Structure formats: C-alpha cells, structure tokens
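This report refers to the structure that appears directly beneath it.
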Amino acid sequence: MRKRLLISTMLATFAAAVPALADETAPQEGMALPIVASPLALTIHMHHKRYPRYDESWPVEVEACRLTNICLKNATVGSNSDDSNEALNLLMASGKIPDIVGMMGIKDVVNKYGPEGAFQPLNDLIDQYAPHIKAVLDQNPSIRSAITSSDGNIYFIPDMPDGKYTMGFFIRYDWLDKLGLDVPQNVEELHQVLLAFRNDDPNGNGLKDEIPYFNRAWQEFPRLVTLWDGRTSGSDTYYDFYVDDGQVRHGFIGEGYHLGISNLAQWYQEGLIDPEIFTRGASSREYLLSENLGGMTHDWFASTAGYNDSIGDKVEGFDFRAFPPPASVSGVRMEETRRSPVRPDGWAMGYTNTHPEETMKYFDFWFSPVGKNLVNYGVEGKQWDMVDGKPRLKPEVLGSGEPVNAQMYAIGASLQTRGYPRDYEQERQWTNQAALDGIALYDQGDYLIDLFPGVSLNPEEQAVYDKYWPPILDLMLEKQQAWLLGSADVDAEWDGYLAQLDSMGMQQVLAVMQEAYQRQYQAN
Ligand code: CA
C-alpha cells in the first residue's frame, strides 16, 4: 500500500521533472569524446551482493570519467545490506531515484515501476543518442523484444553476454581408463559407469569412499532429468519456464521430469549421488576433486577444466574433462544450460534525471569500441595491450594466480550491474585448452536447445503470477527434494501433486505466461 502511494507521488512529479528532448540532434556515426564539454556529475544507485555500492575509485570508472567527462557519483541506498532487493526497497521508499540505477534483476523492477513513472522510457533516447545500442537492437529483434516492457517501452539497458556455452558434463577420464570403461554414451551406460565408480575403487585406496556424481549447486542434480527427457528450466535462470512448439510449459509438471526424478531417487539410493548433494555447497567441487573422491559433475567449462591445471600434479594421473551429454531414454543428447544473449540485469534512468540526452550517450559509450574494451578488459596499458588491433590481457593478469574475473570485478570491469556488450574473447584468453576442447565438443554435437527469452507481464498478469507462482514453486521444490532423498515416493504421489498444483493456480500461471509470450514474440 505504502509503495503504491509513493509511486503515485512520483508519477505526479514526473511530467514536470523531465525536460523535453532536443529533437534537432541527428544520430552520430561514431562516438565523439568527451561526451560533454564541461564535466557533468550523474548520481547512481549500484547494488550487487559482491559490491553493495558504486565505487568512484574503480580504475575503469576513473578512465570512463576521463574519457567522457561524465563522472558518476555514488548514491547507493542500502549498502550495509548485501541484499539488492532490500536495497531497492529502501531506495523506492526514500522517494529519490538517482540519475542511474544499476542492479541484477533490474528487468522486473523497471517493468513494474517504469510504467508507473519511476523510470524513463528509453526508446526515443536510444533512437536519437545511442547509435551503438540502436544497431545492436536493430540487428537482434529478439533482444529488443526481451527488454521491452508490457507497455511497449524499453526501461533498461541490459548486460549482454557473449558466447554460447556455460556448463557441460565432466568425468574422470583416468578413472574410466583404470576400470577399463568407455565414455558413457547413453543413460544406461552412465548408470553402469557410476556404479563402477562406486564399487570398484577407481582412486585405488582400498576404501569405498568415491562420490560418483557431485555438484556445487544442488540444482544441477535434478537437472539430470534431461536424461529421461525431462526439463528443469528454459533459460539460464533456475526453474524457469520453457517453450515447446509455441506453448509455454514448466518442466516440473512434465512426464519426463516424473520419470527422471523416479530414476534419480534410485541413483541416490544406490549411493551414486553425493549424499550431501543438497548441503555441501560451493566448495564441493574443490574438495571432492582435490581429495580424489569425485567422479563426475555438471558445471561451468572454464573453471571446471581449470582443475587439471591447479590439482593436476596433486592427484596422480588426474584427467577431468568434458564429455558429450549421454543420450536420453529416447536417444536425445541435450545440454539444458546455455548462455542467454541478454540478461535481466543492467541499468536504467531515474525519472528525475535532468540529463537524459547525456545519460543515454553515456550508456552508449559502453557499447562503443573504446567503452566495450574498457568494460571487458580494464584499462589499456594496465590490464591489457592492443596487439594486432585486438585487446590482449597482459601476461601478469593471466598468470597472477587469481581468477581473471575476480581481478576484473576488483577494478570495476565486467560488472553485472551495468548495461554493456560482453566480449567472449576476453574469457577465451583465460580459458584453458581442456575447456576449449570441451566447448568445441559441445559445439560439434549441437546439443543446445532453444532458449526461453522471458516475458514482460502486464499489471494484471503480474498480479496473477505474484499470487499463485511463489507458493507453487515452493511446493515443487519441497516435493523435488523429498522425492530425490527418498523421504517420499514420486510414483505414489505424482497424480496428487499435479492435482494440488492445479488447485493452487498452476493453469492460471501458465495462461498468463502464454498470453504475455504471444503478445511479445508472436505479435511481431
Ligand atoms: Ca576408494
């Protein structure tokens, strides 16, 4: 109630606060720097759990300020919390939206508050002042659709990933060799391999201590339902909907999911899955690999393959490499994860911003060649050099022993709270050969499936979604875990589960998702 009143107040002041756009400015071809002749300060709320405030001393920001003459001033609210939504609520409650707001998940925020007037629509500004952003959107209509709100406006500039792959299946090739086994090609062979890892002492210590299958993120365990043609998500967000032949569906009510969970519960019972899969957490991979206990996982290519370098000499013969997704019961090899070309993260323009033209030019700066290099690689001469016309990370960055992405975050590069195009080439430069080989393997096999690009719900649809979906998802996850751990029987409960979800509004949720999907992607 309080929020609603606040937004109404904002709406009342909106018209007065925003100056008319200068319409005589023609789109520029290149990027003229600096953007403004005399220095201009713009305020920003930038919140991320890893960096709960905008840091004016980040070298990338210092350089951007020098190049553009537009310098951002920290105005982040709620920096004492690492919860970005909590910080956002505090910001909205303060009634003062800074010139720029950057955060993860900003899409939902601006789609909700943008139409109410808290954020400026960017469509015309992009057309007039952002030739680089405009070119990207013109070339990628599905990205334009994905960032367009239900009222037809664009309210944020997104973080735009590059490259296709995130995760793949990894297995101890040296364990396979030791036991005289081939790389498993289908779900039945995989079952046999995991049983052998469990029973035949591949680490050779005389103890039955191997953990055949493990994950850092427990959500990757139920994702194995893809081996029975089930689905768990249609995007790079867990539990997301997916689209099948123009129909929006959810994996957790599918028959393949039912069959998969039933079989995975058996695998868990047989000791093939880490008994602590739901609790061991982020250090699982590091621990189970360095202790020579873990046999197989599903995880990010670059960091997982990196263990061949970091613990290769600690565990004799250690050979942990990617293998193609085993064929499912119906013969389908599927990799459910992939990189989305557009994230729901990025930045937006507050309604009281009195410099929309300059701000949009500033947003566009990060899409220009100079800005794109700065945000992806850091400061030229410090983190990278231009070699044969292309940015190349310096040897001291690549060889520092600290992960390159962590080094980038520390200087304000590669942040997820800014709208910009990522350059996969940066990541490729610190991805080892085993990972590149794995990615090539997946590329060759063409295992990726279509991505659900997400929808922008209108207020009525949002109300249905907000009312029904959270308790439904809670129940789905509660049941999923109970079934997998064997504390309840999925086969016995399945029909009752589907009926219960319907009584909780499952069909209404699917209906509004379908409506929004058709409006957004099938209309044009
Ligand atoms: Ca053993």
Side-chain angles (χ1 to χ4, degrees), residues 167-227 260-327 432 434-435 437-438 441 481 484-487:
M167 297 190 204
F169 289 101
F170 278 73
I171 198 163
R172 287 286 296 270
Y173 277 70
D174 54 323
W175 282 13
L176 290 173
D177 279 351
K178 199 160 179 179
L179 302 179
L181 299 166
D182 292 326
V183 173
Q185 297 300 323
N186 57 48
V187 58
E188 186 45 42
E189 289 178 16
L190 176 61
H191 189 207
Q192 295 307 317
V193 161
L194 294 177
L195 281 168
F197 280 3
R198 176 80 189 120
N199 297 323
D200 300 343
D201 193 25
N203 69 5
N205 65 355
L207 301 170
K208 201 168 166 178
D209 56 351
E210 288 81 0
I211 306 285
Y213 182 86
F214 64 93
N215 284 119
R216 284 188 298 167
W218 63 260
Q219 291 91 341
E220 295 306 317
F221 167 38
R223 202 198 289 280
L224 294 177
V225 297
T226 53
L227 296 169
I261 293 291
S262 179
N263 279 274
L264 291 173
Q266 185 201 324
W267 287 19
Y268 185 83
Q269 207 62 38
E270 292 170 340
L272 308 186
I273 310 294
D274 181 3
E276 296 177 47
I277 191 94
F278 286 102
T279 50
R280 201 189 294 271
S283 61
S284 305
R285 185 178 60 173
E286 170 86 29
Y287 171 74
L288 293 171
L289 291 179
S290 61
E291 295 297 315
N292 199 12
L293 295 172
M296 172 187 168
T297 195
H298 184 252
D299 207 324
W300 286 72
F301 279 102
S303 61
T304 309
Y307 283 95
N308 292 295
D309 301 333
S310 61
I311 59 173
D313 17 306
K314 196 177 153 196
V315 176
E316 205 192 327
F318 184 85
D319 186 9
F320 198 51
R321 282 180 291 127
F323 71 108
N432 76 6
D437 291 348
L441 193 67
Q481 185 164 346
L484 288 169
L485 295 178
S487 58

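All ligand and atom numbering here is 1-based and tracks the order in the structure. The model shown is predicted, which means the values in this text are computed figures rather than measured ones.
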(message) Which atom name would you report as the N, O or S atom of Glu210 nearest the Ca ion (ligand 1)?
(response) OE2
(request) Could you point out which residue of Arg321, Arg285, Arg216 forms a side chain to side chain donor-acceptor pair (under 3.5 Å) with Thr304? (result) Arg285
(message) For N/O/S atoms only: which one belongs to Asp201 and is nearest the Ca ion (ligand 1)?
(response) OD1
(message) What's the separation between atom OH in Tyr287 and atom CG in Leu293, rounded to the nearest 0.5 Å?
(response) 5.5 Å
(request) Could you tell me which N, O or S atom of Asp209 is nearest to the Ca ion (ligand 1)? (result) OD1
(message) Restricting to side-chain hydrogen bond (donor to acceptor under 3.5 Å, both in side chains), what partner residues turn up for Ser262, sequence neighbours left out?
(response) Asp491
Do any side-chain atoms of residues 274-283 form donor-acceptor pairs under 3.5 angstrom with protein atoms, and if so which ones, sequence neighbours left out?
residue: Asp274; atom: OD1; partner: Glu276; partner atom: N; Å: 2.9
residue: Asp274; atom: OD1; partner: Arg280; partner atom: NH2; Å: 2.8
residue: Asp274; atom: OD2; partner: Arg280; partner atom: NE; Å: 2.8
residue: Asp274; atom: OD2; partner: Arg280; partner atom: NH2; Å: 3.4
residue: Thr279; atom: OG1; partner: Glu276; partner atom: O; Å: 3.3

(message) Tell me whether the Ca ion (ligand 1) has Pro202 as a neighbour, meaning an N, O or S atom of it below 3.0 Å.
(response) no
